[in-house]
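Report on one structure; see the data block that follows.
Below, read A as the first sequence line, B as the second, and so on, with proteins coming before strands; counting in each chain starts at 1.
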2 protein chains.
Amino acid sequence: MIPNNTSSSANYDADSSSVGESVAPSLAPTFSPLYQQIKGLITQSLQSGEWKPGELIPSEMELATRFKVSQGTVRKAIDELSAENLVVRRQGKGTFVATHHEAKSQFRFLRLVPDNGERNHPENRILEVKRVRAPAEVARRLEMKSGETVVFIKRVQSFGGVPTILEELWLPGVIFKGLTMERLNEYKGPMYALFESEFGTHMIRAEEELRAVNADQDIAQSLGIEVGQALLSVERISFTYGDKAVELRRGLYLTNAHHYRNELS
Amino acid sequence: MIPNNTSSSANYDADSSSVGESVAPSLAPTFSPLYQQIKGLITQSLQSGEWKPGELIPSEMELATRFKVSQGTVRKAIDELSAENLVVRRQGKGTFVATHHEAKSQFRFLRLVPDNGERNHPENRILEVKRVRAPAEVARRLEMKSGETVVFIKRVQSFGGVPTILEELWLPGVIFKGLTMERLNEYKGPMYALFESEFGTHMIRAEEELRAVNADQDIAQSLGIEVGQALLSVERISFTYGDKAVELRRGLYLTNAHHYRNELS
DNA sequence: CAGTGGTCTAGACCACGCT
DNA sequence: GCGTGGTCTAGACCACTGC
């Protein structure tokens with residue numbers, strides 16, 4: 001799987017199989033650097049569940065031995081995985097699979113922060129949980145066949161007793177089998193931590209589309225605001241390993257005392 | 001400035017001056033790795049204008065010689081600067097100072113994208129340019145003394161003839177001396193490219209706060225929409241080298257046919 | 001062809017966390 | 001004290017660019 005490095009130094013040998021990406025109509029060999037291939041192999045192990053979220057992965061030296069490359073090459077592979085938040089390095093201890101069960105990553109996907117003061121965990125009120133056939137639009141964005149089952153969730157999140165987020169979620173039914181309102185209500189903590197522990201699905205990345213919308217009567221009632229009030233609409237698609245879409249959600253954020261924070265670089 | 005490495009190998013010698021960050025009440029020596037110090041020195045050269053945006057900086061080998069470290073150490077420093085978009089590496093050519101005069105970086109700070117289709121450059125209409133004493137709030141966020149002069153700009157940006165962004169900007173008067181409405185109108189292309197070429201101020205980073213707001217009568221008129229229409233409010237503070245705030249702007253985005261796109265990772 | 005960044009290796013030592 | 005990740009060096013070769 002990994003190229004043979006007989007001689008002492010660097011080798012870009014156009015050798016056998018270079019852990020190719022997909023099939024593709026050939027004629028474009030697309031060699032990738034060794035460390036990229038190693039990165040791919042490590043990612044596969046993460047995806048397959050060989051090392052689970054929170055667990056320690058083998059040391060750089062062990063991996064170097066396993067893959068028959070130098071430690072520096074493994075290091076560069078892990079550097080990138082660390083930059084992508086797939087793993088977390090801890091000096092003196094080792095490298096761990098990233099998990100949503102940690103204080104640090106609690107707010108990683110929640111960009112709404114209070115205008116003044118400290119971030120608090122929102123209080124959760126689940127309004128509805130049901131299984132339905134995926135509407136065309138939902139199916140398309142989750143890359144499912146239209147008509148497949150999805151879990152639909154509707155909830156309100158409050159800060160200090162003030163209803164602030166009205167949110168609807170769609171999750172592939174196949175993955176989230178035993179998800180009930182009870183399960184959601186009894187669970188304290190971030191939803192992604194629940195998804196990770198109970199359904200083996202770890203979110204690694206998301207794309208959001210933001211718009212400003214006016215509250216209609218239903219929405220106004222749910223959030224206890226006036227009809228027409230401007231709300232921040234946040235549509236999110238979340239991805240797990242292999243860039244597989246596994247969650248679609250649409251949130252309506254009340255931004256009277258909060259704002260959505262973003263860093264551009 | 002750089003530690004002496006007499007012997008052959010690594011050296012963390014607790015030696016003389018380790019390019020300290022700011023003054024600080026000492027008693028916390030805070031040593032930083034060599035490559036971080038190199039990174040700091042390179043950043044200083046960028047800041048001082050020794051190498052200007054678009055220009056080629058010395059090769060890794062040259063810098064290694066100048067700073068008396070190995071190429072690998074310089075390499076790691078430049079790796080980080082490249083990740084922060086301060087420089088751009090081009091294999092076979094060299095490393096260049098990042099510039100806003102490039103197709104690639106045209107949309108780096110504009111996250112509003114059309115719901116369907118290709119990104120186009122907005123058309124610009126400058127409504128107002130004047131010099132005023134900085135309001136307290138503006139002064140605070142630009143880290144200026146209250147009462148200092150700022151340049152105030154108001155403009156509308158349209159896509160395909162549709163007014164979409166109403167924006168107000170505040171810029172430190174000391175830096176943006178000769179900025180007039182004429183200058184802004186005759187300049188085609190991104191405003192940050194103008195700032196870079198004409199005022200020697202290169203934006204490297206920004207923080208944005210997003211909210212949803214209802215259009216009042218003035219705003220509605222400027223954008224040709226109804227009063228009460230929900231708009232996406234985007235407040236941005238931009239920073240140049242040394243994390244110095246040099247721009248405050250507040251944009252109101254019409255999100256009927258566009259959305260603000262964001263990646264979470 | 002020379003020069004640049006990009007990859008890879010091998011070996012050394014440092015800082016940290018635990019036992 | 002040992003094992004981990006973190007830093008640093010030296011030297012080699014590959015891939016791209018432009019003369």
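- Relative to the side chain of A/Tyr35, the nucleotides C/dT4, D/dG5, C/dC8 differ in distance, and C/dC8 lies closest.
- Between B/His258 and B/Phe159, the ring planes lie tilted relative to each other; the angle falls in the 30° to 60° range.
- Between the C1' atom of C/dG6 and the CZ atom of B/Arg89 lies a distance of 8 Å, rounded to the nearest Å.
- If you measure from atom CD of B/Gln91 to atom C1' of D/dC16, you get 5 Å, rounded to the nearest angstrom.
- Among C/dT7, D/dG5, C/dT4, the nucleotide with an atom closest to any side-chain atom of A/Pro33 is C/dT7.
- Close to D/dT7, at under 4.0 Å from its OP1 or OP2, lies no side-chain N or O of B/Thr73.
- Residue order along DNA chain D, read from the 5' end via each residue's closest nucleotide, puts A/Pro58 first among B/Gly72 and A/Pro58.
- Distances shorter than 4.0 Å separate none of the side-chain N or O atoms of A/Ser70 from OP1 or OP2 on C/dC8.
- Note on A/Lys76: a side-chain N or O is less than 4.0 Å away from OP1 or OP2 of C/dT7.
- Aromatic ring pairs are classed by plane angle as parallel below 30°, tilted from 30° to 60° and perpendicular above 60°; the pair B/Tyr192 and B/Phe109 is perpendicular.
- Atom CG in A/Leu63 sits roughly 17 Å away from atom C1' in C/dC8 (whole-Å rounding).
- Taking side-chain N and O atoms only, A/Lys93 has a distance below 4.0 Å to OP1 or OP2 of C/dC18.
- Counting to the nearest Å, the P atom of C/dC8 and the CD atom of A/Glu80 are 11 Å from each other.
- In this structure, B/His259 has its ring center at least 6.0 angstrom away from the ring center of B/Tyr253.
- Going from atom CG of B/Leu171 over to atom CD1 of B/Ile153 covers 5.0 Å, rounded to the nearest 0.5 Å.
- The CE-C1' distance, from A/Met61 to C/dA12, rounds to 13 Å in whole Å.
- Closest to the A/Leu34 side chain, of the nucleotides D/dG6, D/dT9, C/dC8, is C/dC8.
- Aromatic ring pairs are classed by plane angle as parallel below 30°, tilted from 30° to 60° and perpendicular above 60°; the pair A/His101 and A/Tyr187 is perpendicular.
- The nearest whole Å value for the distance from the CG atom in B/Asp79 to the C1' atom in C/dT7 is 12 Å.
- Atom P of nucleotide D/dT9 and atom CZ of B/Arg75 are separated by 15 Å, given to the nearest angstrom.
- Put simply, CD on B/Glu60 is 12 Å from C1' on C/dG3, counting in whole angstrom units.
- Between C/dC16 and A/Arg90, no contact under 4.0 Å exists linking OP1 or OP2 to a side-chain N or O.
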